[in-house]
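Read through the structure below, which is laid out as structure tokens, and then see the notes.
Below, chains carry the letters A, B, ... as their sequence lines are ordered, and counting in each starts from 1.
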Protein chains: 2
Amino acid sequence: MVQSATIKDVAQRAGCGVATVSRVLNQTGPASAKMREKVMVAVKELDFHFSEVGRSLQSSTTRTIGCVVPSIENPVYADAVQGAQEVCLDAGYQMLLICTNYNAEMETHAIRTLISKQVDGIILTVGDVNNSEGLDLLRSRKVPYSLLYNTAPEGQISWAVDDHAAAAKVASVFHDNKHKHTGFLGLDFLSSDRARQRFEGFAEGCASHNMTPPALLEVDDDSDDLTPRLEAFLKQHPNITGIFASNDYRALATIRSARQLSIDVPRDLSIIGFDGIKVGQMIDPTLATIATEPRALGAGASKTILSMIDGSTPPELPSMDQTFSFRDGGSLTPLVAESEDDGKVAAFPSSNDQTHRQVKIQQERPQ
Amino acid sequence: MVQSATIKDVAQRAGCGVATVSRVLNQTGPASAKMREKVMVAVKELDFHFSEVGRSLQSSTTRTIGCVVPSIENPVYADAVQGAQEVCLDAGYQMLLICTNYNAEMETHAIRTLISKQVDGIILTVGDVNNSEGLDLLRSRKVPYSLLYNTAPEGQISWAVDDHAAAAKVASVFHDNKHKHTGFLGLDFLSSDRARQRFEGFAEGCASHNMTPPALLEVDDDSDDLTPRLEAFLKQHPNITGIFASNDYRALATIRSARQLSIDVPRDLSIIGFDGIKVGQMIDPTLATIATEPRALGAGASKTILSMIDGSTPPELPSMDQTFSFRDGGSLTPLVAESEDDGKVAAFPSSNDQTHRQVKIQQERPQ
DNA sequence: CCTCCCAATGGAAACGTTTCCACTAACTGG
DNA sequence: CCAGTTAGTGGAAACGTTTCCATTGGGAGG
């Protein structure tokens with residue numbers, strides 16, 4: 001790392017004071033044409049660029065915003081971060097990224113670090129909105145921040161999918177398709193805000209449509225053993241005809257496990273996912289899901305931060321029902337009258353009925 | 001953003017000079033037990049934390065490393081970035097992330113920005129290794145950098161999959177499974193280093209196994225029209241029994257298009273992808289692919305940078321064949337003897353398969 | 001008791017900016 | 001021709017650190 005020319009070098013070469021160089025380059029304050037010229041020449045010759053560090057110290061502003069998310073291995077966060085990053089960049093800000101791996105301690109540490117680095121604002125997804133050491137820190141330091149993918153406590157800004165409403169929508173979709181007995185497949189249900197919201201929304205939606213309360217299948221991180229869990233679950237709740245998976249990956253895994261159990265999706269079991277990852281549309285059957293727009297959320301969070309920094313009017317949060325939309329797909333099918341009476345037959349077809357399946361594929365192709 | 005306490009405030013409160021505070025807190029130089037105590041108390045009371053900006057200016061080191069990648073919407077990069085970020089964090093460094101959206105201008109701008117911010121090193125994926133303004137900048141400024149996912153020119157360090165060797169491996173796998181006539185499906189083939197390497201490696205692999213040279217199907221970004229393209233391609237090359245797609249998404253899309261054309265994968269057509277994204281194993285058939293370890297590559301790049309910064313011995317680059325491995329999957333099947341003679345039958349089974357014929361007719365009608 | 005040494009400490013410079021202020025010189029209007 | 005602007009300029013302070021250097025005081029050794 002060879003040390004760059006400083007403003008002093010430029011001043012010396014141009015034969016003027018540093019103040020003049022600063023004025024010329026920042027176009028702040030007056031300067032004669034002659035001086036301007038000399039400065040510009042010196043800058044070119046030395047290939048001078050300002051040191052942002054010096055600037056930051058003086059202006060106590062870093063043109064950097066921090067971003068704390070659990071993991072960008074999850075495409076939802078990856079897309080959100082990308083969206084946020086782009087907006088920052090457009091506004092001349094850079095983004096410092098820290099992934100916490102869903103670890104609360106990391107989360108606090110990350111926020112502390114970002115504060116030390118004096119970022120101008122922070123976009124973050126916390127584990128628990130109501131009990132976050134990091135958030136307290138931000139508030140006491142009055143650092144601008146915007147939540148992302150957290151359900152906002154009253155009066156706070158969060159760019160997030162309305163999990164509750166979206167899950168209720170899933171219930172209503174099941175209802176429209178004549179499904180009455182459903183299950184909810186979620187991970188780490190108790191510790192995650194998001195999963196809980198989705199379950200509650202789904203349960204309430206089911207209730208309001210006079211469906212039976214959804215059965216809960218809680219799986220752990222490693223989905224390798226999903227197949228036996230699913231089998232036991234369906235045996236225990238034989239009349240279930242539809243499953244709402246708390247995210248698309250788990251929906252995909254469920255479809256696969258179902259297939260291993262010779263349960264045809266969607267004929268014997270309908271699946272609806274959550275998130276709308278793009279592979280959902282590249283597979284067969286395509287995945288019915290709640291489509292969300294992570295990029296837009298990330299971008300929104302950035303805009304909020306930027307408006308807090310420059311004091312401009314903040315962007316409007318999308319209304320509840322604009323944060324998601326239901327996307328139909330081949331993994332969901334209306335329940336036909338005959339199966340409606342007896343879910344058990346539907347869930348465990350003894351047949352190796354190829355014809356049915358072929359016909360199904362045929363029907364689907366014209367889209 | 002309320003301004004934090006500075007070291008001066010601490011000194012004043014502790015009744016000593018700033019130098020003492022610095023020495024106590026950094027444990028550099030001597031200090032009496034009494035002073036240490038007083039300083040620590042003051043720090044607690046004021047909730048003092050060092051300003052990294054001040055530190056950076058003085059030490060001309062920022063404990064920040066930059067990362068420039070095309071887009072983290074691509075999970076390969078997302079995972080690599082995450083891996084890199086974790087290693088940095090462990091070493092007490094933070095990561096500044098900029099996505100270029102595959103835009104060369106952005107790339108240069110990003111690097112310039114990072115240099116201005118005086119990052120201690122940069123991890124980057126460039127569009128063209130041999131002609132990158134940004135790389136020139138880094139070299140002239142002697143900024144430590146490590147390439148990621150670029151095929152390194154001689155003598156340079158790059159953490160990347162050996163595309164050429166991996167593609168050759170695909171050819172050998174096809175050969176082991178008795179496939180002789182293959183196709184390569186790639187995007188933006190001419191402008192991308194990576195795609196070209198994969199094609200060349202594949203072609204050479206085919207040649208060395210006495211297979212016919214692979215036919216090339218070049219698709220554009222929007223894969224919506226893949227189905228007709230694939231159909232035309234297979235009509236033009238009727239004896240193709242295996243397709244190597246230049247990444248897993250395109251492999252998935254190919255499987256889907258094939259299904260729409262009533263071509264069964266893998267019975268009528270085997271598909272091998274590249275990257276090893278995790279959904280590849282969640283679908284049916286599972287995707288045969290070249291599995292790579294983006295996280296490990298990203299982590300390696302970080303370690304390289306860190307070693308350049310502190311002058312320690314750099315980590316060893318993985319040997320060529322450790323950067324990837326072939327992962328078998330349901331989308332690949334050995335070619336059975338009967339079909340071996342006539343690939344056309346395999347690709348367009350017109351035989352006694354009633355279902356397929358019907359479908360075929362249906363398929364053709366709209367056109 | 002006088003040196004000498006060393007631990008403990010504080011002052012001040014330096015890092016690269018921006019900006020306030022003071023100063024000069026060249027105008028303008030009377 | 002003089003007073004009063006005003007454009008153009010440079011010096012220096014400030015931002016928050018670290019670190020060099022000088023200073024102090026006390027203890028050990030003579």
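Interface residues of residues 50-59 of chain A facing DNA chain D, ordered by number: A:L57, A:Q58; criterion, heavy-atom separation under 4.0 Å. At a non-hydrogen distance threshold of 4.0 Å, A:A19, A:S22, A:N26 from residues 19-35 of chain A come into contact with DNA chain C.
Between the NE2 atom of A:H49 and the P atom of C:dG16 there is a distance of 16 Å, rounded to whole Å. For the pair B:Q12 CD and D:dG16 P, the interatomic distance rounds to 13 Å; values are reported in whole Å. Remark: C1' of D:dG16 and CZ of B:F48 are 8 Å apart, rounded to the nearest angstrom. The interatomic distance linking A:K8 (NZ) with D:dA13 (P) rounds to 13 Å, in whole Å. Rounded to a whole Å, the CZ atom of B:R36 is 12 Å from the C1' atom of C:dA7.
A salt bridge is defined here as a Lys NZ or Arg NE, NH1 or NH2 lying under 4.0 Å from an Asp or Glu carboxylate O, and B:E52 with B:R55 meets this definition.
Taking CG from B:L96 and CD from B:Q85, the interatomic distance works out to 12.0 Å, rounded to the nearest 0.5 Å. Interatomic distance, B:Y145 OH to B:M308 CE, rounded to the nearest 0.5 Å: 7.5 Å.
Within a 6.0 Å sphere centred on NZ of A:K117, heavy atoms belonging to other residues, nucleotides or ligands number more than 12.
Side-chain atoms of A:S22 and A:N26 form a donor-acceptor pair, as typed in the model, at a separation below 3.5 Å. Side-chain N/O atoms of B:S51 and A:Q118 include a donor and acceptor closer than 3.5 Å. With 3.5 Å as the limit, one finds no donor-acceptor pair spanning the side chains of A:D162 and A:Q197.
With A:E45 as reference, A:V41 is the one residue of A:V43, A:D47, A:V41 to meet the side chain to side chain contact (heavy atoms under 4.5 Å, CB included) rule.
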